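In what follows, a structure is listed as structure tokens, so that the remarks can point back to it.
Fair warning: this is a prediction, and the values are worked out from it, not measured in the lab. Below, chains carry the letters A, B, ... as their sequence lines are ordered, and counting in each starts from 1.
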2 protein chains.
Amino acid sequence: MPLTAEPLDICDEAPSPRQQAVLDAVLSLIVEGDDPLTMDAVARRASCSKETLYKWFGDRDGLLTATVRWQASRVHAGRYEVHGLDAATLRDNLQDFAESWLAVIASRSSVALNRIAVAHAGSHKSNLGAIVLANGRFAIGERVKPVLEAGRAAGLLAFEDGEAAFRTFFGLVGRDIQIRLLLGDAIPLDVAEIRSDAARAVEQFLTLYGQA
Amino acid sequence: MPLTAEPLDICDEAPSPRQQAVLDAVLSLIVEGDDPLTMDAVARRASCSKETLYKWFGDRDGLLTATVRWQASRVHAGRYEVHGLDAATLRDNLQDFAESWLAVIASRSSVALNRIAVAHAGSHKSNLGAIVLANGRFAIGERVKPVLEAGRAAGLLAFEDGEAAFRTFFGLVGRDIQIRLLLGDAIPLDVAEIRSDAARAVEQFLTLYGQA
DNA sequence: GCCGAACCGTACCGTACAGTACGGCAATGC
DNA sequence: GCATTGCCGTACTGTACGGTACGGTTCGGC
């Protein structure tokens, strides 16, 4: 097993440092968003040869997939406490979720990555959209639902279906923001705005699902 | 001024019948979604020459733009009564909005068109995304807000900012549906499901904004 | 010092597709 | 009858880009 990078065909393995540098180059190109993200541009930015690109990632789709995974691996935030939940902690947790989710979907890299994945989902030939979904919408759902259920167990929330409750929360937080950003609308969203947006969403969610 | 079609360069004019047939051909190709929507495919499907396509629509972007406008011109639904609003009528109106909006965003043509527009918004060189936004999200906003304000005038709703209230309604209706569909997730959404989804959204909205 | 592996840089190939040119045909005007 | 016009169908051009091939360089192992 050499120290150098192996091809990550069925890419469940973590990328080597050099591969991470390549993926960061892809991300930087995506975020800048001026060039149409060609393999030549990636090779140039990453100071590597296209041959290496294809050896490591198989093809363009493989490179994109690895990039999405790489980006996702950096986003996953900390765990949340679900034992001995009181009203204030529940509210704080939901506020945290809402803020970080808004920050993610408003980031240039998320917008660009989602654009690529959406375009890809049209020409059906890879599961890039599914990967983005699994690491975005569904990942956050799996992290929020335990909190909601803990809230219910503590008598703070009332709902039948945790999934449905989460989807309502999701809608209250995101509203029209993601689709507008994807379609090129320039919404100014600074930190203060994100915070107040999140607070409003949490307030509304607690109005709908809060117990007493 | 001949009866035949003129180029619609600054395409605010309505397309001629023959041009409408071409645009319908584009839509049918988009909805089928198998081919990558090449100009050759359009010409073949519409039984016209590429030369005519370029003469009428300028270039590929012009054709896409005209198609989006054409599709939008068929979607705009009827007006809504805002005088003498009672609680039941308000609820019915909101229910109608929610149902028709869900039906639109879940339709194959909407998903495909939005995919194209999103992809286009990435490579910034035309305002396709802006057009989709203007005829989708913003058009429905302009139609719902008067209803909300009429509801407030009738003492049925309470809110400060009509835009904010609408955005909450939008979020409650759409939740994660549009982004999931755009990313290729296959959500089964039949008429019954749309109806109950819309009813839940209206119920939640009235819980948040209803007066007494 | 030598070998081989990994890799960079660059040149190259093939294809898909936007956009153009042109011959032919049908309809209209005179 | 003949010219003109609008359009279809097809052939063509140019180019961008995914993917491949290969010479040159560095580096670790022996």
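Here C:dG14 presents its C1' atom at 12 Å from NZ of A:K50, a figure rounded to the nearest Å. The CE atom of A:M39 sits 16 Å away from the C1' atom of C:dT10 (whole-angstrom rounding). The CZ-C1' distance, from B:F57 to C:dA18, rounds to 16 Å in whole Å. Taking atom CG of A:D40 as the reference point, atom P of C:dA11 lies 12 Å away to the nearest angstrom.
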- prompt: Which is it for A:E203 and A:R91 under the salt bridge (charged side-chain N to carboxylate O under 4.0 Å, His left out) test, yes or no, and what are the steps along the way?
  reply: CA-CA 9 Å; A:E203 213 56 48; A:R91 185 183 241 97; 2.8 Å; yes
Tabulate protein N/O versus nucleotide N/O from nucleotides 24-29 of chain C, keeping only pairs under 3.5 Å, one per line.
none

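Panel note: side chain B:R152, backbone B:F159; a donor-acceptor pair is recorded below 3.5 Å. For B:S110 (side chain) and B:A106 (main-chain N/O), no donor-acceptor pair under 3.5 Å exists by modelled atom type. Of the possible polar contacts, one joining the A:S100 side chain to the A:D96 backbone as a donor-acceptor pair under 3.5 Å is found.
Of the candidate nucleotides D:dG18, D:dC8, C:dT20, D:dC8 has the atom lying nearest to any side-chain atom of B:C48. Considering only the side chain of B:Y54, C:dT20 comes nearest among D:dC8, D:dG18, C:dT20. The nucleotide whose nearest atom lies closest to any side-chain atom of B:T52 is, among D:dC7, C:dG19, D:dG9, D:dC7. Listed nucleotides D:dG6, D:dG9, C:dA18 differ in distance to B:K55; the shortest reach to its side chain belongs to D:dG6.
Distance check, rounded to the nearest 0.5 Å: CG of B:L172 to CG of A:L172 gives 4.5 Å.
Taking B:E163 as the reference, B:R137, B:K145 meet the side-chain hydrogen bond (donor to acceptor under 3.5 Å, both in side chains) condition, with sequence neighbours excluded.
Distances shown here put every side-chain N or O of B:W56 at or beyond 4.0 Å from the OP1 or OP2 atom of D:dG6. Look at A:R44 and you won't find any side-chain N or O under 4.0 angstrom from OP1 or OP2 of D:dC17.
The stretch residues 29-38 of chain A touches DNA chain D through A:P36, A:T38, each having a heavy atom under 4.0 angstrom from the strand.
Contact of B:E51 with D:dC7 (side chain to base): no donor-acceptor pair of N or O atoms is detected under 3.5 Å.
Ion pairing of B:D197 with B:R175 is present here, as a side-chain N (NZ or NE/NH1/NH2) and a carboxylate O approach within less than 4.0 Å.
The minimum heavy-atom distance linking A:L23 with A:A66 is given by the pair CD1-O, 3.8 Å. Looking at every heavy atom in both residues, A:Q95 comes nearest to A:A199 through OE1-CA, 3.2 Å.
If you find the closest nucleotide of DNA chain D to A:R60 and to B:L53, the one lying nearer the 5' end belongs to B:L53.
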